[in-house]
Amino acid sequence: MAHQRLCSLLIALITATGLWLAAPAYAGLPQGNAVKDPAAILRDALPFDQADLRELQHRLEGTSDDLRAKRWSALARSLSRSQALLATRRNTILTAMPEADQATADQLLDAVSEGIHQLQDEVERQDKSAFIDRRRSTLSLVGDLEALLTDDTIPAIPAEFDALPRLQGRATVTISTSQGDLTAVVDGYNAPLTAGAFIDLSLKGFYDGLPFIRAEDFYILQTGDPKGPEIGYVDPSTKKERHVPLEIRVPGEAETFYNQTFEDVGLYKATPTLPFATLGTLGWAHSDQALDDGSSQFFMFLYEAELTPAGLNLVDGRNAAFGYVVDGFDVLEELGVDDSVVSIKVIDGADRLQPHA
């Protein structure tokens, strides 16, 4: 126990001071059960305004507690309520869709309804594994509906950052490593400058062949330090290192916080829209000297469930999350400082990158 408390304290101190670009610091954490499905976070982070669809999403996601306890009767009641919600609010949901997408939405709503019926069948069979698989596919359909309600409009960005690239919407990348491939979704809705910098550098081939420079079990895996004396991306047009500000959105806040930590704005227990709450959260690295000197280095959060819960860890509010690994978790868990990035390819969403304002 003393060793665990010491390790936790070391990580708290490292994280609180933001030593992302400093020399590697080594610390260990006891193993915990990592959350390996970021899909719910990405659904919640979609900016759209249709309460019925969001409620349906949350009701289906909320079946987890009853499922873990094998409360089959409670699950059956919950699914009946979800089906009733879909039946009574279907026209409202459909009317909210863009006219050009209503036929697609109608088909998706049919598929969601059928998915809930199949979930009810799995409850009758008391098949937990099949229920999980069916719920995942049904929630994916709900996410497709929510995406139809979301355009690529991003929040206003201060004019001082006009020269920086920005991502309007989301992009999907394949991160090929010496251990295998990862797939990640990068979110420009909520971190347009951070996501934009990452996608811009990925398209430039900047990360190809770079090593992982920092790896700490159950904490972070970091890369993006270029060869040579520089520690970030040097813009060939200006001959200067390009800097990306700390960028954090919080639900309910009208404006994005730039170069301000949660402590700076008095949000000590807030949870950002993109939290460090799942294995493979992508975070942008900055030094311990400044918040606005992040340039190219990024890390993948190796979530430790008990010691770093969302909203209570020391990463949320001090670093910007900009996306999530969605596939390849077995590869992620094998990576270390002896490994490297082979390449990062943008497989969807490259057309959403703007080089500047």
Side-chain angles (χ1 to χ4, degrees), residues 20 36-47 140 143-144 146-147 150-155 157 161 164-177 181-208 210 220-224 232-233 242 244-249 256 272-286 294-303 315-316 319-329 331-332 341-356:
W20 301 116
K36 296 189 177 183
D37 185 6
I41 296 174
L42 286 166
R43 282 191 293 268
D44 269 339
L46 281 172
S140 178
D144 291 341
E146 293 172 342
T150 306
D151 61 29
D152 288 341
T153 302
I154 58 176
I157 299 173
F161 306 125
L164 295 176
R166 64 275 327 270
L167 183 68
Q168 291 191 305
R170 287 180 175 171
T172 304
V173 300
T174 297
I175 304 174
S176 297
T177 75
D181 291 353
L182 310 169
T183 302
V185 174
V186 178
D187 189 348
Y189 293 124
N190 298 289
L193 294 182
T194 316
F198 176 80
I199 294 299
D200 178 59
L201 293 177
S202 297
L203 290 171
K204 286 179 166 64
F206 176 88
Y207 294 111
D208 298 359
L210 294 185
I220 65 167
L221 179 71
Q222 186 166 321
T223 187
Y233 168 69
R242 185 171 73 189
V244 179
L246 177 65
E247 177 183 45
I248 304 175
R249 280 194 67 79
T256 301
T273 304
L274 299 178
F276 287 90
T278 184
L279 179 69
T281 303
L282 301 179
W284 202 246
H286 60 79
S295 181
S296 64
Q297 295 189 39
F298 73 96
F299 59 92
M300 290 178 277
F301 194 47
L302 307 182
Y303 179 72
V315 188
D316 283 334
N319 286 86
F322 63 95
Y324 297 90
V325 172
V326 296
D327 192 33
F329 297 105
V331 173
L332 178 57
V341 175
V342 176
S343 65
I344 300 181
K345 302 298 183 184
V346 183
I347 59 176
D348 180 66
D351 58 326
R352 300 187 184 104
L353 179 69
Q354 287 189 340
H356 48 74

inquiry  = Among Phe322, Phe276, Phe301, which residue satisfies the side-chain contact (heavy atoms from CB on, under 4.5 Å) criterion with Leu282?
reply    = Phe322

message = Which residues pass the side chain to side chain contact (heavy atoms under 4.5 Å, CB included) test with Thr150, not counting sequence neighbours?
response = Leu46, Pro47, Phe48, Tyr189

request  = Please list, chain by chain and in numerical order, all residues satisfying side chain to side chain contact (heavy atoms under 4.5 Å, CB included) with Asp151, sequence neighbours excluded.
outcome  = Thr153

query = Does the side chain of Ile199 reach to within under 4.5 Å of the side chain of Pro165, using non-hydrogen atoms?
reply = no

query = Trp284 versus Leu246: any side-chain heavy-atom pair under 4.5 Å?
reply = no

inquiry  = To check you understand the geometry: which heavy-atom pair defines the closest contact between Ser202 and Ile344, and what is its length?
reply    = OG-CG2, 3.3 Å

key: Asn190 CG to Ile248 CD1 distance, which is reported to the nearest 0.5 Å   = 12.0 Å

query = What are the two closest heavy atoms between Thr281 and Ala321, and how far apart are they?
reply = CG2-CB, 3.8 Å

task = Can you sort out the partners of Ala39 under side chain to side chain contact (heavy atoms under 4.5 Å, CB included), two or more places apart, ordered by chain and number?
result = Asp37, Arg43

remark   = With sequence neighbours left out, the residues meeting side chain to side chain donor-acceptor pair (under 3.5 Å) with Arg166 are none

message = Side chains of Glu247 and Pro192, heavy atoms from C-beta outward: is any pair under 4.5 Å?
response = yes

query = With sequence neighbours excluded, what pairs up with Phe298 under the ring-ring contact (aromatic ring centres under 6.0 Å, His included) test?
reply = Phe198, Tyr207

query = Under the side chain to side chain contact (heavy atoms under 4.5 Å, CB included) test, which residues partner Ala195, sequence neighbours left out?
reply = Leu167, Val186

remark   = Asp44 meets the salt bridge (Lys or Arg N to Asp or Glu O under 4.0 Å) criterion, sequence neighbours left out, with Arg54

query = Quick one: CD1 on Ile175 to CG on Asp327, what's the gap to the nearest 0.5 Å?
reply = 11.5 Å

key: Thr256: side chain to side chain donor-acceptor pair (under 3.5 Å) partners, not counting sequence neighbours   = Arg249

key: Side chain Thr172, main chain Ile347, donor-acceptor under 3.5 Å   = no

task = With rounding to the nearest 0.5 Å, note down the distance linking CD in Gln354 to CD1 in Ile157.
result = 8.5 Å

ask   = With no hydrogens and no angle check, do the side chains of Ser176 and Asp181 hold a donor and an acceptor under 3.5 Å apart?
value = yes

request  = Would you please name every residue forming a side chain to side chain donor-acceptor pair (under 3.5 Å) with Glu146, sequence neighbours left out?
outcome  = none

note = Interatomic distance, NE2@His286 vs CD@Gln297, rounded to 0.5 Å, equals 12.0 Å

task = Can you measure from CG (Leu42) to OH (Tyr324) and round to the nearest 0.5 angstrom?
result = 6.5 Å

message = With salt bridge (Lys or Arg N to Asp or Glu O under 4.0 Å) as the rule and sequence neighbours excluded, what pairs involving residues 182-194 come up?
response = Arg170-Asp187

ask   = How long is the gap from CG on Leu279 to CG on Leu332, to the nearest 0.5 Å?
value = 5.0 Å

task = Kindly write out the residues that satisfy salt bridge (Lys or Arg N to Asp or Glu O under 4.0 Å) with Asp348, not counting sequence neighbours, or none if the list is empty.
result = Arg352

request  = Kindly write out the residues that satisfy side chain to side chain donor-acceptor pair (under 3.5 Å) with Lys204, not counting sequence neighbours, or none if the list is empty.
outcome  = Asp200

